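To start, the structure under review is shown below, and the notes come after it.
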Amino acid sequence: MNDSLNFIEQIIEEDIANGKHEGRVLTRFPPEPNGYLHIGHAKAICVSFGLAEKYNGATNLRFDDTNPTTEDTEYVESIKKDISWLGFTWKEELYASDYFEKLYQFAVTLIKKGLAYVDDSTPEEIAAQKGTPTEPGKDSPYKSRPIDENLDLFERMRNGEFPDGSRVLRANVDMSSPNMLMRDPIIYRIKHEHHHRTGDQWCIYPMYDFAHGQSDSIEEITHSLCSLEFIHHRPLYDWFIEKLEIFPSKQTEFARMNVEYMITSKRKLLKLVQDGIVTGWDDPRMPTISGMRRRGYPPMAIRIFCDKAGVAKRENTIEINLLEACVRDELNKTAERTMVVLDPVPLTITNFLDGFEKLSMELNPEDPASGHREILFSNEIFIEREDFMKDAPSNYFRMKPGGLVRLKHAFIVECTGFDEDENGVVTRIYATYFPDSRSGSDTSGLKAKGTIHWVNAADAKEAEVRIYDRLFTHPSPGEGVEDFMEHVNRDSLTEIKGAKIDSGMEATTSVGKQYQFLRHGYFAVDQDSKPGLVVFNKTVGLKDSWAKEKGKQ
RNA sequence: UGACCUAUGGUGUAAUGGUAACACUCCGGUUUUUGGUACCGUCAUUCUAGGUUCGAGUCCUAGUGGGUCAACCA
């Protein structure tokens with residue numbers, strides 16, 4: 001594989017070489033249970049779980065549930081499902097809320113050391129004290145409150161004696177620091193709110209900065225990997241660990257992955273759902289893990305994609321075609337082949353008389369072990385409307401009057417004519433077949449430049465096929481416009497009702513099963529399928545060099 | 001009038017002071033009973049200017065561009 005190391009791997013290998021933490025590697029994935037996981041989370045998961053896996057370590061799944069206002073158990077299950085689906089296993093399932101008592105004691109320790117104080121200032125006053133990035137802050141009038149008073153007040157905060165917002169606990173750091181986060185950050189706030197796990201046990205809750213690093217430390221996380229925007233938090237992360245004299249977890253930041261035509265903002269994703277642009281969080285067009293799963297992206301393709309995108313510290317936007325290339329690559333190896341006609345036009349084989357012929361179709365030419373399936377051929381079949389042209393250019397290798405074409409897995413046929421309606425729309429095509437040109441035992445000596453797929457009319461079933469285009473018309477949705485909704489592609493879904501599949505194939509379908517529709521692309525069976533009507537989602541198309549050729553004219 | 005992060009083909013990632021490499025895209029070609037797959041080929045004066053060095057993408061200095069930081073969110 002690739003023997004060069006990314007910068008985090010270099011750090012880890014150096015730590016191992018130095019015998020740090022006895023060479024142990026323990027990472028964590030810390031989602032907040034307030035939404036669904038998306039492609040950006042997939043990247044974070046692949047980095048934290050992947051690195052631990054690589055260095056014989058482990059990863060804890062820790063829900064960062066310190067804000068009861070927005071969080072809910074409902075999300076816990078979907079997050080666990082998504083991580084498992086990606087193929088990762090966590091060592092322990094943990095919750096920051098498990099540490100509320102410990103965290104409270106940490107805060108008491110800080111107060112006793114004169115490193116935290118209760119502040120009675122209003123939110124507006126605190127904001128004013130903070131200053132701006134270019135101007136230093138000013139000390140709060142409560143900064144020098146005596147330790148005993150702080151201890152008493154903090155305990156009374158816990159006991160519920162004060163209303164929401166009336167007081168906070170602040171770390172006593174440095175209001176003149178150039179790093180805004182070091183300007184006496186709030187570490188506890190009062191919220192008389194029901195928590196999804198601790199119920200009404202608490203009415204004060206720790207802030208991110210006073211929960212995350214300490215949770216890492218409690219679990220003895222060796223490498224706490226997060227995205228670049230947390231880099232300013234690191235001095236504070238280290239400050240708490242130093243002052244509390246607890247296990248020295250280390251935070252390392254890497255750039256989050258952006259993908260063309262995708263958004264990962266929770267607020268924007270929610271807007272798409274609420275406005276009915278998509279049918280839900282798991283709509284196959286959504287960049288959520290559940291959406292990609294429904295669309296038919298194999299988990300391994302997503303993992304390989306994240307891996308190929310790499311790990312570094314600069315802003316990046318990965319091309320969507322890398323993701324699609326990974327999906328095709330995976331599906332090419334695993335998807336069962338089948339012939340499906342999306343836009344059917346009947347073809348009559350005029351010299352094939354009554355009855356039918358049994359033919360054998362390989363399930364996957366990339367995997368000889370996959371075997372074969374029997375299909376029927378008769379004098380009445382459907383072919384793809386776009387596989388026939390009345391007046392075709394010489395570089396068109398498909399069916400055209402007087403031309404030869406191979407019917408995949410069957411025979412070479414010669415087009416002898418066609419019917420059309422008053423609008424010039426072709427309603428039926430006629431051809432003769434060459435009995436000695438049967439696939440696998442062709443002795444005809446004929447050469448057909450093109451091969452097209454077909455479905456036998458007598459046993460054809462109708463299916464619904466949903467074709468997806470990008471959800472946005474711009475690779476960076478929202479860029480250069482006031483509202484990202486201006487870049488929504490209002491035509492991202494095409495529903496095809498009368499596609500033709502053969503009954504033998506229909507019998508093999510089950511929700512989630514992936515197929516390659518020959519010459520079209522990869523499709524997955526959708527959960528909306530009903531008895532008698534299979535619904536497919538188009539996962540991704542095959543590369544189409546004919547479309548490219550046509551586009552040149 | 002600040003601090004921090006960052007700068008290598010179209011995109012992303014390597015090269016750890018010694019011939020700028022790999023993947024995807026693009027373009028061209030070979031093979032092909034999927035216009036798929038597979039395979040081959042083309043595509044870069046490493047942001048700028050100085051400096052250190054026999055030698056700099058890499059180290060130093062200054063500039064420039066991009067990003068982040070002023071939630072009782074995470």
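Since we're looking at a predicted model, the values are computed, not measured.
For the pair A:Asn316 CG and B:A7 P, the computed distance is 12 Å after rounding to whole Å. Between the C1' atom of B:A23 and the CD1 atom of A:Ile304 lies a distance of 12 Å, rounded to the nearest Å. Atom CZ in A:Arg406 sits about 17 Å away from atom C1' in B:G36, given to the nearest Å.
Within the nucleic acid shown, A:Thr69 has no heavy atom closer than 4.0 Å to any nucleic acid atom. The residue A:Thr132 sits close to a base: some heavy atom pair falls under 4.0 Å. Using a 4.0 Å heavy-atom distance criterion, A:Gly440 is classed as a base contact. Here A:Phe411 lies out of heavy-atom contact (under 4.0 Å) with every strand. Note on A:Met207: only backbone sugar-phosphate atoms sit closer than 4.0 angstrom, heavy atoms only; bases stay farther off. No engagement by A:Arg234 is indicated, since no non-hydrogen atom pair under 4.0 Å with the nucleic acid exists. Base contact: A:Asp442 has a heavy atom under 4.0 Å from a base atom. At a threshold of 4.0 angstrom between heavy atoms, the contacts of A:Lys449 with the nucleic acid are absent. Among the atoms of the strands shown, base atoms are found under 4.0 Å from some heavy atom of A:Arg398. A:Thr338 comes within 4.0 angstrom of no nucleic acid atom, judged by non-hydrogen atoms across all strands. The residue A:Pro365 sits close to a base: some heavy atom pair falls under 4.0 Å. As judged by a 4.0 angstrom heavy-atom cut-off over every strand, A:Asn179 is placed among residues making no nucleic acid contact. Among the protein residues, A:Ile318 comes within range of the sugar-phosphate backbone only, with heavy atoms under 4.0 Å from sugar or phosphate atoms but none that close to a base. Using a 4.0 Å heavy-atom cutoff across all strands shown, A:Thr66 reaches sugar-phosphate atoms only and no base atom.
The ring of A:Trp546 lies on top of the base of B:G35, close enough and flat enough: under 5.5 Å between centres, under 30° between planes.
Not a single donor-acceptor contact under 3.5 angstrom links the side-chain atoms of A:Arg519 to the base of B:G35. Judged by distance alone, with hydrogens and angles left aside, A:Arg337 brings a side-chain donor or acceptor within reach of the base of B:U34, the pair sitting under 3.5 Å. The base of B:A70 has none of its N or O atoms less than 3.5 Å from a complementary donor or acceptor on the side chain of A:His232. Below the 3.5 angstrom threshold, one finds a donor paired with an acceptor across the side chain of A:Ser439 and the base of B:U33. Taking only distance into account, the side chain of A:Glu319 meets the base of B:G10 through a donor-acceptor pair shorter than 3.5 Å. Interface remark: the A:Glu260 side chain does not form any donor-acceptor pair with the B:U11 base, using a distance-only criterion of under 3.5 Å. Taking 3.5 Å as the limit, the base of B:G12 and the side chain of A:Glu315 contain no donor-acceptor pair of atoms between them. Between the base of B:U34 and the side chain of A:Gln516 there is a donor-acceptor pair shorter than 3.5 Å.
Formation of a donor-acceptor pair under 3.5 Å by the A:Gln516 side chain with backbone atoms of A:Arg337 is not found in this model.
Counting heavy-atom neighbours within 6.0 Å of A:Lys266 NZ, excluding the residue itself, gives a total above 12.
A:Ser177 and A:Asn179 share no side-chain donor-acceptor pair at under 3.5 Å.
Distance noted for atom C1' between B:U19 and B:U45: 16 Å (whole Å). Comparing B:C5 with B:G63, their P atoms sit 16 Å apart, to the nearest whole Å. Look at the C1' atom in both B:C26 and B:A44: the space between them is 15 Å, to the nearest Å. Annotation: B:G9 and B:U46 have their P atoms spaced 10 Å apart (nearest Å). Comparing B:A23 with B:A38, their P atoms sit 12 Å apart, to the nearest whole Å. Taking atom P on both B:G17 and B:A56, the two are 14 Å apart, rounded to the nearest angstrom. Spacing of P atoms, B:C47 relative to B:U13, comes out at 14 Å, to the nearest Å.
The only member of A:Arg62, A:Lys80, A:Arg197 that meets salt bridge (Lys or Arg N to Asp or Glu O under 4.0 Å) when paired with A:Glu93 is A:Lys80.
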